[in-house]
There are 2 protein chains.
Amino acid sequence: MSGPTLRDVAKRANVSIRTVSNVVNGYAPVSDELRTRVQAVLDELDYRPNLIARNLKQGRTGMIALVVPELDVPYFAELAREVITAARAHGYVVMIDQTDGAVERERALLGRDSRAMMFDGLLLSPLAVSAEELRGRGNRIPIVLLGEHIFNGSFHHVAIDNVAAARDATAHLLGLGRRRVAAIGDQPYATGETAQLRTVGYRQAHAHAGLTVDEELIVATPHFHRKLGAQAMERLLALPDPPDAVFCYNDLLALGAIRALTRNGRRVPDDVAVVGLDDIEEGQYSTPSLTTVAPDKGEIARTAVDTLMESINGGAAIPAEIVVPHRLIIRESTTGADDPRG
Amino acid sequence: MSGPTLRDVAKRANVSIRTVSNVVNGYAPVSDELRTRVQAVLDELDYRPNLIARNLKQGRTGMIALVVPELDVPYFAELAREVITAARAHGYVVMIDQTDGAVERERALLGRDSRAMMFDGLLLSPLAVSAEELRGRGNRIPIVLLGEHIFNGSFHHVAIDNVAAARDATAHLLGLGRRRVAAIGDQPYATGETAQLRTVGYRQAHAHAGLTVDEELIVATPHFHRKLGAQAMERLLALPDPPDAVFCYNDLLALGAIRALTRNGRRVPDDVAVVGLDDIEEGQYSTPSLTTVAPDKGEIARTAVDTLMESINGGAAIPAEIVVPHRLIIRESTTGADDPRG
DNA sequence: CATGATGTCTGCATCGTTGCAGAGCTCGCA
DNA sequence: TGCGAGCTCTGCAACGATGCAGACATCATG
């Protein structure tokens, strides 16, 4: 079943196991003559080191785990891509699991008989699991959190400034002269911290502009998928005084909203301007292309992986709240098709 | 650094290591009294089994690797999601790596000092690596290939019937009365096997309808991204006699093509009808929504994982070519917005 | 020639777990 | 009372690799 071991090679080459190991790793000096002989046997038997055994001895696996709510949500797919690339630069590979937002799945990687042991570190994009749980579970491997900051001060954490991001998006719409700017994606309950921050930014932008928020224009959605964006938009269109712009808390909601607008014969941006958040690739190619707030995903991934590596290597003891830059990318869904390149 | 081991627990509870192990695993009978006592110490020390050691002993890791070209390509993200879910049903987790179509990355998982040892099996969606290489590398872990069949007979392989899929798509367009149906995505070179099969299907549909193919209407693209779909469409529109329909070899190409059409003032489907392939979620929400050929991704993932598990467990010795069903999903991009639900 | 430095190579212990064989002990039954 | 069966529990070896200390040979040097 399993391939040849150091012992097999050693026996065949009439040398000690240790010497074969030395040849394989180049650790200790081995005479050219012997090296050649051993190497020949290694090649002959097609020896490959058993990484599990090596890991056991060295206490490391060279793997980190990335846990996201849903891998087929473009934002997370794009983020996962960047994480895999960033990890590779450290010689690491990435195990990916998805929680579907289910607490028990998030817990699974932290729990007693978990596989957490198999990984040197964990990148977690939490939806449901609480801070106390994370702390209480006595995890032994370093953790870096992505995109939430509800665990303030207890864990390393990498995210954009959500308040500022939402403020920028809303201000852009107000700056275009829109006066009834709706918000889609609020989550006014315990685990909706990120959404709530965005609502804060939405309100701040109104305050800055000396405008009051029509509470009717804030629509909550339990999650951030296209369908809910479309539904929320339908509801807004049914209002006696519908909005002339909408800030969606992510791009999928925005694309769903645009779809609903189109279906109802409204023109984007002429009748209703739309801004999203995430800058998923899809938004560049949608019709109209999507104005959005772009978090620097590469930077998020690199920073998170670098921080995790530091933790793994014993450094970075003090949990750090790391803020990654974002920027507003203006496309057709707010300013129309002036730019022929789209 | 590392947590308590069986030995630590054993010492503290004044029992043998083996007994602690028995309590942890419930393997052998242990008296209630002792079990309680040991369990108390386990809890006290917050013992977690070291899975690496367990794996070394058992020769399994409970992990499989999934290697795809690009994780942020929606099709692969959706497939990865299904694979993770399917693997979970077998108690397995999934390491994901991306190759970016680079041969050396594909090789990396097969090569001498690879991490392949860390996994019980490998799901590979190959772009560049050749059959001989796969065979020659003497991989010790079972492999199941996804979406290609160039390794005919040598490996387990799961895919849709690409010829039939392309034929169905093209026939749909011809059935709508379109007479200049273009094809975007041919890859007339060594590693473009899948694309070539789709071209075969495209030609078959024409033959069935008693039509000849205008070779000018077949546009090759080195890969399957939105941008290339748009570029190819621009080129087709520049023809003296442009197409009135186009079959794109995947949905991203199709979405890019639609984008190009819209930008050039053509109406979809009135002026040009568009069909894609993959049925990514985005196509349901695009404007217009995208007619496409839908492979059963859940079935692909389940079949592939099940087959891999059989191989891992010693069964399924004969490499099997497994064909997974597909179906045509008709949406606005070919028949217009009759359906108000989109 | 003795000494120590250097260069090669080896064996033992170890990582933390589980498989296996067997040691005690208790108990029932003849 | 004696004996085997059954129940608990234990120690040893092993998975396949690496860390460490040291053995041995060679060589230069005083």
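A, B, ... follow the sequence lines: proteins, then strands. Residue 1 opens every chain.
Counting non-hydrogen atoms under 4.0 angstrom, B/N55 reaches nothing in the nucleic acid. When heavy atoms are screened at a 4.0 angstrom cut-off, B/L34 is found touching the sugar-phosphate backbone but no base atom.
For DNA chain C, the contact window with chain A, defined by any atom under 4.0 Å from a protein heavy atom, covers C/dT8 to C/dG16 in 5' to 3' order.
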Derivation of the side chain to side chain contact (heavy atoms under 4.5 Å, CB included) call for B/L71 and A/I96: CA-CA 11 Å; B/L71 189 53; A/I96 299 180; 3.8 Å; yes

Yes or no on side chain to side chain contact (heavy atoms under 4.5 Å, CB included) for B/L6 and B/V24, after CA distance, side-chain angles and deciding distance? CA-CA 9 Å; B/L6 284 182; B/V24 170; 4.3 Å; yes

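Of the residues in residues 12-20 of chain A, those placing a heavy atom less than 4.0 Å from an atom of DNA chain C are A/V15, A/S16, A/R18, A/T19, in numerical order.
Using a 4.0 Å cut-off, no side-chain N or O of A/S21 falls inside it from OP1 or OP2 of D/dA17.
Ranked by how close their nearest DNA chain D nucleotide is to the 5' end, A/R7 and A/K57 are led by A/R7. Of the two residues near DNA chain C, A/R35 and B/N50, the one whose nearest nucleotide lies more 5' is A/R35.
At a threshold of 4.0 Å, the pair B/E78-B/K297 counts as salt-bridged, since one of the basic side-chain nitrogens sits closer than that to a carboxylate oxygen.
Between the CD atom of A/Q58 and the P atom of D/dA17 there is a distance of 12 Å, rounded to whole Å.
Residue pairs meeting the salt bridge (Lys or Arg N to Asp or Glu O under 4.0 Å) criterion with at least one partner in residues 7-27 of chain B, sequence neighbours excluded, are B/R12-B/E44.
Here CG of A/L42 is found 10.5 Å from CZ of A/R35. Values are rounded to the nearest 0.5 Å. Summarising the geometry, atom CD1 belonging to B/I141 is positioned 10.0 Å from atom CD1 belonging to B/I64; distances are rounded to the nearest 0.5 Å.
The backbone N or O of B/P325 sits nowhere less than 3.5 Å from a side-chain atom of B/E299 that would complete a donor-acceptor pair.
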